[in-house]
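Reviewing the structure listed below.
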Amino acid sequence: MAQNIKNNNTMHLIKRFAPYFKPYGWILILDLFCAALTTVCELGLPLIVRFITQKGMYDIESLTLELILYLGALYLVLRVVDVAANYIMASIGHIMGAKIETDMRRDLFSHLQDLSYSYYDNTKIGQLMARMTSDLFDITEFAHHCPEEYFIGALKIGIAFAILSTMNFWLTLIIFAIIPIMLVCSMTFNQKMRRAFKKSRNQLGEINAQVEDSLLGMRVVKSFANEIIEENKFRQGNSGFLSIKKEAYRYMAGFQSTVRFFDGIMYITVVVAGAIFMIKGKITAADMVAYLLYVTTLLASVRRIVEFTEQFQRGMTGVERFFEVMDAPVEIKDREDATPIDEVIGDIRFEQVSFKYSDKKEHVLSDINLHVKPGGNVALVGPSGGGKTTICNLIPRFYDVTSGRILIDGRDIRTIALHSLRSQIGMVQQDVYLFSGSVYDNIEYGKPGASKEEIIEAAKQAGAHDFIMKLPDGYDTFVGERGILLSGGQKQRISIARVFLKNPPILILDEATSALDNESERLVQKSLEKLAEGRTTFTIAHRLTTIRNADSILVLTEKGIEEQGDHEELMAKGGIYYHLYSA
């Protein structure tokens, strides 16, 4: 039963993978044609040897120098054809595999772009990197060699059977009866190899994730002098990977030993059974020589098919892991009736909004009702876990509400095309992410294709132009990975310039100044106030002095919106906000 499930799973994966060959059908046909030529050329030598042996034993006088030279020239032509066909097969076959790898990486990356925040909440980036690199490389080799090797093997076995049957059918039948037994015995090891290779791929992804985590946090590691701890963590993961590889290689060794055992069985069968048939006059000496040569070729073919199973298992493991990601559901996507939204004025309503994360039982938000008028400035405060960030993540549909609805200018945001919705919203977060590139590139990200004048103007509005001009290469200065070569305040002002360039009607400020020193906070706060002018703004702040001028302040706790009003009203109440502010 388990075997049938495994076979069905393999066939299902192959059927899903097969469409990637479709754009390169002509390459596959040419590859298989060249494979057929190499097979025919290789099978010609035993026939030439058999012919010469028969002539030498029974009609030596007819074996003239001219005939020998003719046969030599024929074999040389076959060898030239074989070399040419093999060159074409090796080059275009690998190119086809590389193209399929490129297509799959494109599809995988595109799908990863569509997946929602919830997927990345529970997935390690190192695992995804392993699937986009090493897994797809194995698929490249699999895509090229799988049809080629099986086609060549089937062709050689079929032609060899037809030729040998004309010499002695019963001896041929005995030899070919051994092949299925050989294949069945190897299947046990194949299945275990498949499982072991998948485990090794998963463990490699874990190592990638651990290395990425350690390297990105290198400053924290060094500041706590915890290099030894990181080395021990890596050593444990690395040792685990070695253990899994040992297991895989033991199965592979058993697999190869089984093949070598049956090699010997087939040779001794030909020698013993062939000698008996020779004694009885059922086969000639020339046929016996041809049998041995064909069995050598046959064994080489079977061995290649069986040994290719290792690569087949690697490839199928890669295909399986590829489709595991591709099958991850796109939870946040456009509805069929979704349309773009233009000329947004920024009127936002929350109507009976409740939300909980898919892996949680309790709601983060329950029955939230809120109305923010166009151009309004709303501040969200309160203890951690109250749902402040969640509210802001629901507006651009990073997550979908569990119940209720959110309206922008009277439209349910689920009826607005995602790209259109998010193009109307600008976000400035505490954890600023700058891409590896120049200052210019990072600001331009807010509006791809913007002119240099627009980018400089956005930087000026964000209060970033002056410090940018003092950098070694001005706007062309390389910022390093995640902007590591800039200070926190500089990175934040570049991120604000990016939003200025985008010029959205709705703005979300998620603790944008909480990680800055006093001087940087003052500069950034000034930029944020300028950015918020005329825009509907949601501000999450722990430093309550930064939101005193907000039109409305919402105090969020686990019970929901407990207090609402401007600064003066809430201070007069002497409630939660009063105590937070006083503290």
Side-chain angles (χ1 to χ4, degrees), residues 1-22 24 28 31-32 35 93-94 96-108 111 127-154 182-206 208 241 244-245 247-256 258-259 301-328:
M1 182 68 178
Q3 178 64 41
N4 289 335
I5 293 173
K6 177 62 70 175
N7 289 340
N8 289 338
N9 182 48
T10 299
M11 290 306 300
H12 176 68
L13 289 173
I14 290 174
K15 286 179 181 178
R16 294 190 65 185
F17 176 65
Y20 280 100
F21 282 101
K22 190 174 181 180
Y24 313 108
L28 181 61
D31 182 60
L32 295 181
H94 279 101
M96 178 187 69
K99 288 182 175 181
I100 289 175
E101 177 189 8
T102 301
D103 292 345
M104 294 180 75
R105 185 174 289 114
R106 174 203 63 207
D107 291 349
L108 184 60
H111 186 66
Q127 283 282 6
L128 296 179
M129 292 300 296
R131 297 183 192 225
M132 291 195 71
T133 53
S134 53
D135 282 6
L136 287 184
F137 176 76
D138 283 342
I139 292 174
T140 298
E141 295 299 301
F142 164 79
H144 166 216
H145 290 291
C146 181
E148 185 181 287
E149 293 293 342
Y150 285 139
F151 178 72
I152 290 175
M182 177 181 179
L183 293 174
V184 169
C185 290
S186 66
M187 287 304 296
T188 301
F189 292 103
N190 292 346
Q191 294 168 23
K192 293 178 179 179
M193 282 169 57
R194 171 86 170 268
R195 290 193 293 267
F197 282 132
K198 185 172 183 180
K199 284 167 64 178
S200 71
R201 284 293 178 221
N202 287 330
Q203 184 62 21
L204 182 61
E206 290 295 324
N208 286 346
F241 181 66
I244 295 171
K245 293 288 279 188
E247 179 185 4
Y249 287 133
R250 287 192 189 103
Y251 293 139
M252 188 174 69
F255 184 76
Q256 293 175 347
T258 301
V259 173
S301 300
V302 174
R303 191 182 299 114
R304 283 184 68 176
I305 291 175
V306 174
E307 288 178 352
F308 173 70
T309 304
E310 176 194 349
Q311 193 174 67
F312 177 85
Q313 299 298 355
R314 288 181 185 273
M316 289 308 299
T317 298
V319 170
E320 184 176 11
R321 282 164 56 84
F322 170 80
F323 282 116
E324 281 176 0
V325 179
M326 294 298 291
D327 289 340

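Just so you know, these numbers use all the heavy atoms, side chains as well, and skip hydrogens, waters and symmetry mates.
One distance of note links CE of M104 with NE2 of H111; it measures 13.0 Å at 0.5 Å rounding. Here the CZ-CD1 distance, from R105 to I100, works out to 13.0 Å after rounding to the nearest 0.5 Å. Between the NE2 atom of H94 and the CE atom of M96 there is a distance of 10.0 Å, given to the nearest 0.5 Å. The NZ atom of K199 sits 12.5 Å away from atom OG1 of T317, with the distance rounded to the nearest 0.5 Å.
When all heavy atoms are compared, the tightest approach of D31 to G93 is OD1-CA, 4.0 Å. Considering every non-hydrogen atom in both L28 and P147, the closest pair reads CD1-CG, 3.9 Å. The heavy-atom pair separating G97 from A143 by the smallest distance is CA-CB, 4.4 Å. Across all non-hydrogen atoms, the minimal contact from E324 to R131 is OE1-NH1, 3.0 Å.
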Taking it one step at a time, do D103 and Y24 satisfy side-chain contact (heavy atoms from CB on, under 4.5 Å)? CA-CA 11 Å; D103 292 345; Y24 313 108; 2.6 Å; yes
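Note: F17 and F142 meet the aromatic proximity criterion, with ring centroids under 6.0 Å apart.
Residue F322 is tested with L13, L108, D135 for a side chain to side chain contact (heavy atoms under 4.5 Å, CB included); the sole match is L108.
Around CE of M326, the count of heavy atoms belonging to other residues, nucleotides or ligands within 6.0 Å exceeds 12. When the shell of 6.0 Å around CZ of F137 is examined, it contains 12 or fewer heavy atoms from other residues, nucleotides or ligands.
For the pair Y20 and D107, the minimum side-chain heavy-atom distance is below 4.5 Å. For the pair E148 and I152, the minimum side-chain heavy-atom distance is below 4.5 Å.
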